[in-house]
Amino acid sequence: MKAMVLGAPSAVSLENVERPNTDAGDSVIRVTHSGVCGTDLKIFTGGIPARYPLIMGHEMIGEVVEAAGSDGPPAGSRVIVDPVLFCGNCFHCEIGQTQLCPNGGLIGRDSDGGFAEYVAVTPGNVYAMPDEIGDREAPLIQVLTTVMHAQQMASISPGDSVVILGLGVGGLLHVQLAKARGAKSIIGITRSAWKREVADNIGADLTLAPDAQTKDRVLEATNGLGADVVIESAGKLSVLAQAMDLVRLGGRVLGYGIHTDSEGALPFYDMYFKEIQFINARAATQKDFGACLEMVGSGAIDLAPLISDVVPLDQLDQALNMVGTDAPQRMKIILEHL
Ligand SMILES: [Zn+2]
Ligand SMILES: [Zn+2]
């Protein structure tokens with residue numbers, strides 16, 4: 001089969017490799033669409049360690065061509081892949097924290113993923129997909145599961161005021177999901193005027209460019225208190241510091257962006273004085289997939305506005321480059337495998 005193979009950091013090429021099979025108890029999926037994300041870029045550049053050669057890709061949909069056993073959808077089903085692998089037997093799996101299983105991993109990072117014609121997946125990680133969900137939008141459901149998991153951890157509830165710092169794909173999904181969960185005042189903050197407009201159209205109550213007035217505007221919109229919840233969706237330490245500034249006394253800061261800094265400044269006294277609850281979210285569980293498939297299938301969440309580019313699979317190299325350049329009008333890039 002054809003696959004985009006990462007042979008070494010920053011070296012990806014189209015190669016002919018052996019097609020996966022059901023020998024190890026996996027179902028074989030013909031991948032039709034996949035999403036490219038910042039995690040792929042970090043694996044590509046070597047920032048996230050991986051083994052080589054590796055086929056990346058953890059956001060993917062397709063069709064079951066060979067089903068292993070009767071655990072997952074049968075051959076012919078249109079499906080989405082849950083890339084989070086877990087053992088099912090350890091302490092974390094037994095208490096329902098399958099996303100933290102130390103024996104688990106991520107398809108596309110720890111095992112071959114979806115940037116190929118076919119991928120092998122544990123049948124229990126393959127879910128049938130409602131017809132109403134479009135092919136190009138569907139890979140974004142994997143991202144939505146991590147947003148769902150994060151908002152559940154932060155207990156975002158009806159009536160909450162929520163500030164979202166950073167309006168990339170994750171930030172915009174946070175806007176839509178907070179709205180769907182009944183948050184009453186949703187404030188999106190980003191430098192990009194284009195992203196602010198997208199946020200306005202999908203449910204933000206107020207959008208702001210970060211400037212000297214930002215804090216006053218947030219206080220104005222939250223009865224002078226600051227926000228109940230501030231979501232950091234930029235992965236920048238300075239933005240995390242801003243989140244702690246904008247949250248109310250006793251509020252929650254949700255860390256969603258991936259931080260790799262090992263040192264730097266945060267308002268530690270605020271963390272203490274304001275009794276800030278700091279919540280970090282990393283992945284998602286199988287429950288989140290079920291909930292997200294339902295929300296997208298019913299139209300409660302519209303993923304289409306979050307796609308900016310659709311390119312063929314063999315242009316993965318260019319797509320990764322696009323992810324790496326901070327273009328103001330870039331959102332999710334979808335690879336079409338047809
Ligand atoms: Zn991703
Ligand atoms: Zn486990």
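Numbering of ligands and ligand atoms starts at 1, following listing order.
Partner of Ile333 under the side chain to side chain contact (heavy atoms under 4.5 Å, CB included) criterion, out of Leu320, Val311, Asp40: Val311 alone. In summary, of the residues considered (Thr222, Asp228, Asp205), a side-chain hydrogen bond (donor to acceptor under 3.5 Å, both in side chains) with Ser161 occurs for Asp228 alone.
Nearest N, O or S atom of Glu59 to the Zn ion (ligand 1): atom OE2. Closest N/O/S atom of His58 to the Zn ion (ligand 1): NE2.
No salt bridge links Asp309 with Lys332; every basic N to acidic carboxylate O contact stays at or beyond 4.0 Å.
For the pair SG of Cys101 and SG of Cys90, the angle whose vertex sits at the Zn ion (ligand 2) is 110° to 10 degrees.
For the Zn ion (ligand 2), the set of nearby N, O or S atoms under 2.8 Å includes none belonging to His92.
The side-chain tip of Arg30 does not point at the ring of Tyr118 from less than 6.0 angstrom away and within 45° of straight on.
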